[in-house]
Amino acid sequence: RLFVSSEHLKILRLEELRDHCEKLGVPKSGNKGELISRLVTASISYDNLLVEDLKDILYAMYLPVSGNKSELIARIIGDGSSEQQQYGQYGGGGKQYGKQYGKPQQPQFAQPATHEDLEAQQLAAAIAASLTLSGPVPPPPPPSLAARVKRWGDGLEAPDGSDGADSGAAAAPTEATVTAPASASSRGASSERRAPRAVDRMFQQHNHGEWRSKLKDLARGDVHGHCEKLLAMQRGNGAYSLRPLGGAAHTTNAPEVDHIFECQAMGDLLFRVDALRPVLRQLDWAAKKFEGQPMVVQNALAHAREVHNRPEFLVVCGSLENKKKQGAFQSSLNTLAQGRALEHGLEESLRANFSRGVEPFESTQARQMARTVVDLLRGLEDPFTAALREVPQGAAQGREQQARYDGLADEVVLLYEHFDITRRV
């Protein structure tokens, strides 16, 4: 049995550590350090951890999170150098979407990575991110989101106006280079995309993955009530696949309300806004619902939550396409969190995720679905950022609140540039 290192136990939340203490029959009272010490003494193994615990550890290590439990454990305890050879390219799309790679070759187990090892890996990633990037010019701006949704309702025409036959018109880039859209200050000259700012790995005793997940949950509201109306607008078809939806909850083709701008992206950006840090220090990690947070946290995040959950920024899609879209966002956000620019941009990540894993979409459709997602994202860039900046007059925390949301809107703009999907010129 392979025992969990104290460094990996530090990644887990306090309530998770208490659950493991209870299962192993050791006292569950005390602070986080005391619980970790007891679990190490009790020789807790990786097999004792839940799949979600293993994924949290992989998030913190900036490693893929797809595959079954044994694959996740092997990836954590491996030395990392042979990970690509053993597992191939994972999409990061959840526990079922890496299975097409089969079981890995019998790995040569090493000692769990130490804190120093992880810092060395992050330094190497930062050095690699300093390389200059360049590549193809972005497409012209698409029609508005409202016009696009109306076309779906009238005839379910693909958002780019094609019938899907033009599958080879935009070949995916084959080199590890991408182009940033030209900025307004460049006066027509091509501009190279800068590497993003790496996020803090730890803040208030929680790692970046934990913060992104927590803020994602706080930003997401109960949007299921919009499902019937949105589905009627889409004539019963998935927003990205343009195919009829139906089936029991959580099955492949079950209709799900989806935020076009992913909740995990919103959580990531909320963590990046420096002006929000004093508020995040007061966040209650034990409170699972937004309403259970201190009022200072509720007041600070209320506007982001309201804008993010507006019906005009939602669609309905199938459960499978939703999971694959989430996987592409997740892997892209993990790369950016390390301060590294994306190799091919979000559209290529989406295309790759749609075309692989469990029940992959046919290559032509996968490419069209990726274009559709990007097209919708481009359509909401301006209204979404404008809505974030429009803080209601008289809102709690006054000028500080406006500064926070100007900062959040700026982070959205930067993310669009790093994703290589901005329509700004």
K.L.:
Could you go through Leu377 and Tyr416, starting from their C-alpha distance and side-chain angles, then the distance that decides it, and tell me whether this counts as side chain to side chain contact (heavy atoms under 4.5 Å, CB included)?
P.N.:
CA-CA 9 Å; Leu377 284 166; Tyr416 268 72; 3.9 Å; yes
K.L.:
Between Leu276 and Arg404, what is the shortest heavy-atom contact and its length?
P.N.:
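Smallest interatomic distance, heavy atoms only, reads CD2-CD, 3.7 Å.
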K.L.:
Are Gln234 and Val315 packed together at the side-chain level, in the sense that at least one heavy-atom pair is separated by less than 4.5 angstrom?
P.N.:
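Sidechains of Val315 and Gln234: in contact.
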K.L.:
Starting at CG of Leu245, measure out to CG of Leu320 and round the result to the nearest 0.5 Å.
P.N.:
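It comes to 11.0 Å.
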K.L.:
Is there a side-chain contact between Leu58 and Leu72 (heavy atoms, below 4.5 Å)?
P.N.:
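Leu58 reaches Leu72 side chain to side chain.
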K.L.:
Do Met369 and Arg243 have side-chain heavy atoms sitting under 4.5 Å apart?
P.N.:
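No, too far: nothing below the 4.5 Å cut-off.
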K.L.:
Given the rule in the side chain to side chain contact (heavy atoms under 4.5 Å, CB included) test, do Val412 and Leu388 qualify, once you have shown the distances and angles that lead to the verdict?
P.N.:
CA-CA 10 Å; Val412 173; Leu388 289 174; 3.9 Å; yes
K.L.:
For Thr252, what residues pass the side-chain hydrogen bond (donor to acceptor under 3.5 Å, both in side chains) criterion, not counting sequence neighbours?
P.N.:
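Only Glu359 meet the side-chain hydrogen bond (donor to acceptor under 3.5 Å, both in side chains) criterion with Thr252.
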K.L.:
I'd like to check the side-chain hydrogen bond (donor to acceptor under 3.5 Å, both in side chains) partners of Ser241; sequence neighbours left out, ordered by chain and number.
P.N.:
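Only Glu321 meet the side-chain hydrogen bond (donor to acceptor under 3.5 Å, both in side chains) criterion with Ser241.
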K.L.:
Say whether, by atom type as modelled, one donor and one acceptor occur between the side chain of Lys55 and the main chain of Leu50 under 3.5 angstrom.
P.N.:
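Absent.
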K.L.:
Tell me, please, which residues at least two apart from Glu16 pass salt bridge (Lys or Arg N to Asp or Glu O under 4.0 Å).
P.N.:
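Testing Glu16 for salt bridge (Lys or Arg N to Asp or Glu O under 4.0 Å), a comparison that skips the adjacent residues, returns Arg13.
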K.L.:
Mark yes or no for whether Glu256, through its side chain, and Gly318, through its backbone, hold a donor-acceptor pair below 3.5 Å.
P.N.:
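No, Glu256 side chain to Gly318 backbone: no donor-acceptor pair under 3.5 Å.
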K.L.:
Distance check, rounded to the nearest 0.5 Å: Leu314 atom CG versus Lys229 atom NZ?
P.N.:
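Rounded to the nearest 0.5 Å, the CG-NZ separation comes out at 11.5 Å.
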K.L.:
Is it true that a side-chain atom of Ser37 and a backbone atom of Gly33 form a donor plus acceptor pair closer than 3.5 Å?
P.N.:
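Checked: no pair found.
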K.L.:
State whether Arg18 and Glu15 are salt-bridged, where the test is any N-O pair (Lys NZ or Arg NE/NH1/NH2 against Asp/Glu carboxylate O) under 4.0 Å.
P.N.:
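No salt bridge links Arg18 with Glu15.
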K.L.:
Any idea which heavy atoms bring Ser332 and Leu342 closest together, and the distance?
P.N.:
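That closest heavy-atom pairing would be O-CD2, 3.6 Å.
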K.L.:
If we ignore hydrogens and angles and just use 3.5 Å, is the side chain of Ser331 paired with the main-chain N or O of Ala328 as donor and acceptor?
P.N.:
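Indeed, once roles are kept as given, a pair shorter than 3.5 Å links the two residues.
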K.L.:
Is any side-chain heavy atom of Ile76 closer than 4.5 Å to one of Leu54?
P.N.:
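Yes, at least one pair of side-chain atoms sits under 4.5 Å.
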K.L.:
Can you pull out every ring-ring contact (aromatic ring centres under 6.0 Å, His included) where at least one residue sits in residues 314-342? Sequence neighbours excluded, please.
P.N.:
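For residues 314-342: Phe329-Phe419.
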K.L.:
Using a distance-only test with no angle check, is there a side-chain donor-acceptor pair under 3.5 angstrom linking Gln326 and Asn322?
P.N.:
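Side-chain D/A pair, Gln326 to Asn322: present.
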K.L.:
Answer yes or no: is there a side-chain heavy-atom contact under 4.5 Å between Phe361 and Ser355?
P.N.:
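A side-chain contact under 4.5 Å is absent here.
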K.L.:
Could you go through Leu333 and Gln264, starting from their C-alpha distance and side-chain angles, then the distance that decides it, and tell me whether this counts as side chain to side chain contact (heavy atoms under 4.5 Å, CB included)?
P.N.:
CA-CA 9 Å; Leu333 289 170; Gln264 57 184 310; 3.9 Å; yes
K.L.:
Please check: side-chain N/O of Asn48 versus main-chain N/O of Ser45, any donor-acceptor pairing under 3.5 Å?
P.N.:
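Yes: the side chain of Asn48 pairs with the backbone of Ser45.
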K.L.:
Any donor and acceptor pair, going by atom type alone, linking the side chain of Arg378 with main-chain N or O of Ile421 inside 3.5 Å?
P.N.:
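Yes; at least one donor-acceptor contact below 3.5 Å.
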K.L.:
Who are the ring pair (Phe, Tyr, Trp, His ring centres under 6.0 Å) partners of Phe261, not counting sequence neighbours?
P.N.:
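By the ring pair (Phe, Tyr, Trp, His ring centres under 6.0 Å) rule, Phe261 matches Phe384.
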K.L.:
Please list, chain by chain and in numerical order, all residues satisfying salt bridge (Lys or Arg N to Asp or Glu O under 4.0 Å) with Asp258, sequence neighbours excluded.
P.N.:
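Checked Asp258 against salt bridge (Lys or Arg N to Asp or Glu O under 4.0 Å); matches are Lys325.
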K.L.:
With a 3.5 Å distance limit and no angle check, can you tell me whether Asn299 reaches the backbone of Met295 through a side-chain donor-acceptor pair?
P.N.:
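Yes, the answer is positive, given that a donor and an acceptor are paired below the 3.5 Å cut-off.
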K.L.:
Which heavy atom of Leu12 sits nearest to which heavy atom of Ile57, and what is that distance?
P.N.:
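Looking at all heavy atoms of both residues, the shortest contact is CD2-CG1, 4.4 Å.
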K.L.:
Kindly write out the residues that satisfy ring pair (Phe, Tyr, Trp, His ring centres under 6.0 Å) with His20, not counting sequence neighbours, or none if the list is empty.
P.N.:
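If we apply the ring pair (Phe, Tyr, Trp, His ring centres under 6.0 Å) test to His20, skipping adjacent residues, there are no hits.
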K.L.:
May I ask you to check whether over 12 heavy atoms, not counting those of Glu34, lie within 6.0 Å of atom CD?
P.N.:
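Yes, the 6.0 Å shell around CD holds more than 12 heavy atoms from other groups.
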K.L.:
Please list, chain by chain and in numerical order, all residues satisfying ring pair (Phe, Tyr, Trp, His ring centres under 6.0 Å) with Phe203, sequence neighbours excluded.
P.N.:
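Per chain and number, Phe203 pairs via ring pair (Phe, Tyr, Trp, His ring centres under 6.0 Å) with Trp211.
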K.L.:
Begin from the C-alpha positions of Phe271 and His208 and carry the test ring-ring contact (aromatic ring centres under 6.0 Å, His included) through to its verdict.
P.N.:
CA-CA 8 Å; Phe271 183 67; His208 167 246; 5.6 Å; yes
K.L.:
Please report the shortest heavy-atom distance between Asn237 and Leu242, naming the atom on each side.
P.N.:
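Smallest interatomic distance, heavy atoms only, reads OD1-O, 3.4 Å.
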K.L.:
Donor-acceptor check, side chain of Glu262 to backbone of Ala265, threshold 3.5 angstrom: yes or no?
P.N.:
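Pair absent, no side-chain N/O of Glu262 close to backbone of Ala265.
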K.L.:
Does the side chain of Asn309 reach to within under 4.5 Å of the side chain of His259, using non-hydrogen atoms?
P.N.:
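A side-chain contact under 4.5 Å exists here.
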K.L.:
Which pairs, with at least one residue in residues 271-287 and sequence neighbours excluded, count as a salt bridge (Lys or Arg N to Asp or Glu O under 4.0 Å)?
P.N.:
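Residue pairs with at least one partner in residues 271-287: Asp200-Arg277, Asp268-Arg272.
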K.L.:
Can you give me the closest heavy-atom contact between Gly357 and Pro360, atom names plus distance?
P.N.:
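In terms of heavy atoms, the two residues are closest at O-CD, 3.1 Å.
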K.L.:
Not counting sequence neighbours, which residues clear salt bridge (Lys or Arg N to Asp or Glu O under 4.0 Å) with Asp19? List them please.
P.N.:
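Salt bridge (Lys or Arg N to Asp or Glu O under 4.0 Å) check on Asp19 returns nothing, list empty.
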K.L.:
Could you list the residues that satisfy salt bridge (Lys or Arg N to Asp or Glu O under 4.0 Å) with Glu306, not counting sequence neighbours?
P.N.:
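Listed in chain order: Arg310.
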K.L.:
For Lys32, look at atom NZ and say whether over 12 heavy atoms of other residues, nucleotides or ligands are found less than 6.0 Å away.
P.N.:
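Check passes, neighbour count above 12.
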K.L.:
Main chain of Val279, side chain of Gln282: is a donor-acceptor contact present, judged purely on distance under 3.5 Å?
P.N.:
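No: the side chain of Gln282 does not pair with the backbone of Val279.
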K.L.:
Provide the full list of salt bridge (Lys or Arg N to Asp or Glu O under 4.0 Å) pairs with a residue in residues 287-300, sequence neighbours left out, each pair given once.
P.N.:
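Every salt bridge (Lys or Arg N to Asp or Glu O under 4.0 Å) pair that includes a residue of residues 287-300, provided the two are not neighbours, is Glu291-Arg305.
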K.L.:
Are the ring centres of His303 and Tyr405 closer than 6.0 Å?
P.N.:
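Ring centres of Tyr405 and His303 closer than 6.0 Å.
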K.L.:
Answer yes or no: is there a donor N or O on one side and an acceptor on the other, between the side chain of Gln293 and the main chain of Ala287, under 3.5 Å?
P.N.:
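Looks like yes, one N/O pair under 3.5 Å.
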K.L.:
How long is the gap from CZ on Arg351 to CG on Leu346, to the nearest 0.5 Å?
P.N.:
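Reported value, rounded in 0.5 Å steps: 12.5 Å.
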K.L.:
Can you confirm whether Ile73 sits close enough to Glu71 that some side-chain heavy atom of one is under 4.5 Å from a side-chain heavy atom of the other?
P.N.:
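Of all side-chain heavy-atom pairs linking Glu71 with Ile73, none is under 4.5 Å.
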K.L.:
Can you tell if the side chain of Leu269 reaches within under 4.5 Å of the side chain of Val273, non-hydrogen atoms only?
P.N.:
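Side chain of Leu269 against side chain of Val273, heavy atoms only: no contact under 4.5 Å found.
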K.L.:
Please check if any side-chain donor atom of Asn207 sits under 3.5 Å from a side-chain acceptor atom of Arg212, or the reverse.
P.N.:
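No.
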K.L.:
Kindly indicate, with the supporting measurements, whether the criterion side chain to side chain contact (heavy atoms under 4.5 Å, CB included) is fulfilled by Leu17 and Ile36.
P.N.:
CA-CA 7 Å; Leu17 295 172; Ile36 290 174; 3.9 Å; yes
K.L.:
Quick one: do the Asp53 and His8 side chains pair a donor with an acceptor below 3.5 Å?
P.N.:
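Checked: Asp53/His8 side chains show no N/O donor-acceptor pair below 3.5 Å.
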K.L.:
Of all the heavy-atom pairs spanning Val40 and Val4, show the shortest one and how long it is.
P.N.:
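Looking at all heavy atoms of both residues, the closest pair is CG2-O, 4.5 Å.
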K.L.:
Would you kindly say whether His308 and Arg220 are connected by a side-chain donor-acceptor distance under 3.5 Å?
P.N.:
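Judged by distance alone, the side chains do not pair up.
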